Participant: 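After the structure tokens below, expect a handful of questions from me.
By convention here, the first residue in the shown sequence is residue 1. Each ligand, and each atom within it, is numbered from 1 in the order the structure gives. Please read all numbers here as calculations on a predicted model, not as lab measurements.
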Amino acid sequence: MFNLLVKMSSEQKTFLTSVKEAMESYFATDQRRINHALQVSLYTGELLAYVDADPLVTLTAAYLHDIGIHESERKHGSSSGKWQEIEGPPIAREMLSDLGAEAAFIEDVAEIIANHHTRDGVNSPEFRVIWDADALVNFAEVMPSKNEEQKENILQDHMATEAGFRIASRIFITDIESHRRCLKGYRPTFSP
Ligand SMILES: [Fe+2]
């Protein structure tokens with residue numbers, strides 16, 4: 001499940017497996033949300049090979065970033081990003097505390113969840129990896145209706161890390177000339 005280039009102790013891997021299981025049991029029969037979280041965690045693992053970010057915080061946030069979605073729908077009748085940012089952190093805090101996580105770690109994860117729909121929401125590599133991993137999954141739905149130039153513009157505007165931009169270009173820009181131009185034209189747009 002985890003990228004071989006990401007170094008973690010067996011204790012950390014066991015903890016991450018518990019986080020994954022807690023997420024799966026929380027989402028229960030909502031297989032769509034479970035699959036989304038798992039896909040985001042896979043891209044997160046890939047990005048962690050290129051971006052110097054804390055793997056435990058980042059992968060935990062990958063599993064839990066959308067954990068507020070059911071409460072958003074139940075309380076507010078909406079799964080909009082803003083409600084998710086409000087409803088997600090308390091659920092994640094309780095889950096992680098039950099799993100014995102330390103307070104500072106829990107707050108690092110909660111901060112990412114509380115901002116994960118806000119561009120530049122947290123100025124950290126962990127946040128930028130989650131931002132890009134989420135986009136890599138979500139863009140699979142958006143991109144088929146766009147032409148190559150529109151795709152380039154979306155990626156240039158949206159992706160927060162160069163690795164995320166390159167992976168997204170490889171996946172979504174299939175015309176070889178457009179792909180080359182896209183990679184050459186990359187300009188970082190997020191805060192450093
Ligand atoms: Fe997501």
Participant: If I consider every N, O or S atom in His65, which one ends up closest to the Fe ion (ligand 1)? I only need its name.
Facilitator: NE2
Participant: Ring centres of Tyr63 and Tyr26 under 6.0 Å apart?
Facilitator: no
Participant: Please determine, by modelled atom types, if His65 and His36 share a side-chain donor-acceptor pair under 3.5 angstrom.
Facilitator: yes
Participant: Ignoring hydrogens and geometry beyond distance, is a side-chain donor-acceptor pair present between His116 and Asp66 at under 3.5 Å?
Facilitator: yes
Participant: Would Gln84 and Ser79 count as having a side-chain donor-acceptor pair, cut-off 3.5 Å?
Facilitator: no
Participant: The Fe ion (ligand 1) and His36: any N/O/S contact shorter than 2.8 Å?
Facilitator: yes
Participant: So what does the Asp134 OD1 - the Fe ion (ligand 1) - Asp66 OD2 angle come to, to 10°?
Facilitator: 170°
